[in-house]
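The structure appears below as structure tokens.
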There are 2 protein chains.
Amino acid sequence: MKSKLDKIDFKILEILQNDCRITTKKLAERLNLSSTPVFERIKKLEKEGFIDKYVAILNERKIGLKQTIFIGVKLKGHTRSYLQNFLKQVNSFEEVTECYQVSGNFDFLVKIVIADIDAYETFVQTKLSLISEIGNVHSYIAIKKGKNTTHLDLSFLKDSLE
Amino acid sequence: MKSKLDKIDFKILEILQNDCRITTKKLAERLNLSSTPVFERIKKLEKEGFIDKYVAILNERKIGLKQTIFIGVKLKGHTRSYLQNFLKQVNSFEEVTECYQVSGNFDFLVKIVIADIDAYETFVQTKLSLISEIGNVHSYIAIKKGKNTTHLDLSFLKDSLE
DNA sequence: GGTGAAAACATCTTCAA
DNA sequence: TTGAAGATGTTTTCACC
């Protein structure tokens, strides 16, 4: 079951990363294949876990989520339970979209997408600051958005494809 | 054309954020409506820009992208052209999935998703370090992943819905 | 690995209520 | 707005290469 990807799988993933609502038929046309093998390949890619899910990407600004903020967090201690407790709590916050334990002068980097600065202050006061494991934090408030994509660069695969 | 969202739109967005391949029919069943109004609402949400796109989310680890790295960047100068040149170049790198100009002790935060540390070093040497506007950088290498989602928290809308 | 045809299912229009 | 119905297109299976 641990199959390698070939060039066709690669192209399918590339296309689905940009538009997952394309029909199997159209996808097959773009690959010069019939629907059947494309359909089966997609099912295989889903089943084997290369594709996690299919989602709608919403327009943050349009919805009213105008602020993105990164928070660098340093914990008070670094025992296993400190790390686990912190992660469990921070992951439970709906406003948090990403959280990574990192090397460097922070223990964690946390990304928040939230309505505005007022909502952020409320979030810090009513949620974040209640996590007792936190030592100190540094906020990086996004003042301009550059790139923000879910598209992963698969070009590194090109050489290793069967 | 600038219509507000109501509770049904809100629920549709919630569902599509988690699974955009659900059929209109099933979505309508979950909302206790017929297909027609649900279909029309989705088209409206797309047309008015609440929904940006529909994408497949790939499994980074499975694909072979094992490293996530955040880079805090300080530029040499802060004129308009410095900022624009930096953004233009960094946005063009396929390995970069996010980039924000931020307040705080960095000018920019950049997120990289890449195969491994070796590939990261190559990236820095052959791409990042060629951006002449960069003063200095600090890398935060993710050593453990917490949350990583495209799901936005819409609960803040609940009170303002028509 | 692949094709092409056919059945099952979903979409999208139209229309009357 | 709804719901039903029909034309069209898509998904999925199957027999075969």
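So you know, we letter chains A, B, ... as the sequences are listed, proteins then strands, and number each from 1.
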So, are [X] and [Y] salt-bridged, with charged N and O less than 4.0 Å apart?
X	Y	answer
A:Lys11	A:Glu14	no
A:Asp9	A:Arg41	yes
A:Glu46	A:Lys43	yes

Is there side-chain contact between B:Asn148 and B:Thr68, with heavy atoms separated by less than 4.5 Å?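 Side-chain contact under 4.5 Å: no.
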Note, B:Asn18 side chain near A:Lys53 side chain (heavy atom, < 4.5 Å): yes
In whole Å, I'd like the distance from the [atom1] atom of [X] to the [atom2] atom of [N].
X	N	atom1	atom2	value
A:Glu40	D:dT10	CD	P	19 Å
B:Glu29	C:dC9	CD	P	13 Å
A:Ile42	C:dG1	CD1	P	16 Å
A:Asn32	C:dT3	CG	C1'	14 Å
A:Phe39	C:dC9	CZ	P	13 Å

What parts of residues 8-28 of chain A reach DNA chain D, counting only heavy atoms under 4.0 Å away?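 Within residues 8-28 of chain A, the residues near DNA chain D are A:Thr23, A:Thr24, A:Lys25.
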Non-hydrogen atoms of B:Tyr120 and B:Ser139 that approach each other most closely: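 Here B:Tyr120 and B:Ser139 meet closest at OH-OG, 2.7 Å.
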Of all heavy-atom pairs between B:His151 and A:Thr97, which one has the smallest distance, and what is that distance? O-CG2, 4.0 Å
By the 4.0 Å heavy-atom rule, please label A:Pro37 as base, sugar-phosphate, or nothing. base
Quick one: are the ring centres of A:Tyr140 and B:Tyr100 less than 6.0 Å apart?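 No, ring centres 6.0 Å or more apart.
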Report yes if a side-chain nitrogen or oxygen of A:Arg41 is closer than 4.0 Å to either non-bridging phosphate oxygen (OP1 or OP2) of C:dG2; otherwise report no.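 Yes, A:Arg41 has a side-chain N/O under 4.0 Å of OP1/OP2 on C:dG2.
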Net bend of the helix from C:dG1-D:dC17 to C:dA17-D:dT1, end axes of five pairs each, nearest 10 degrees: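 Taking the rotation axis at each end, their angle is 20°.
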Geometric class of the B:Phe123/B:Phe93 ring pair [parallel <30°, tilted 30-60°, perpendicular >60°]: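 B:Phe93 vs B:Phe123 ring planes: perpendicular.
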Assess whether one donor atom and one acceptor atom, taken from the side chain of A:Thr36 and the base of C:dG4, lie less than 3.5 Å apart.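 Side chain to base: pair found, below 3.5 Å.
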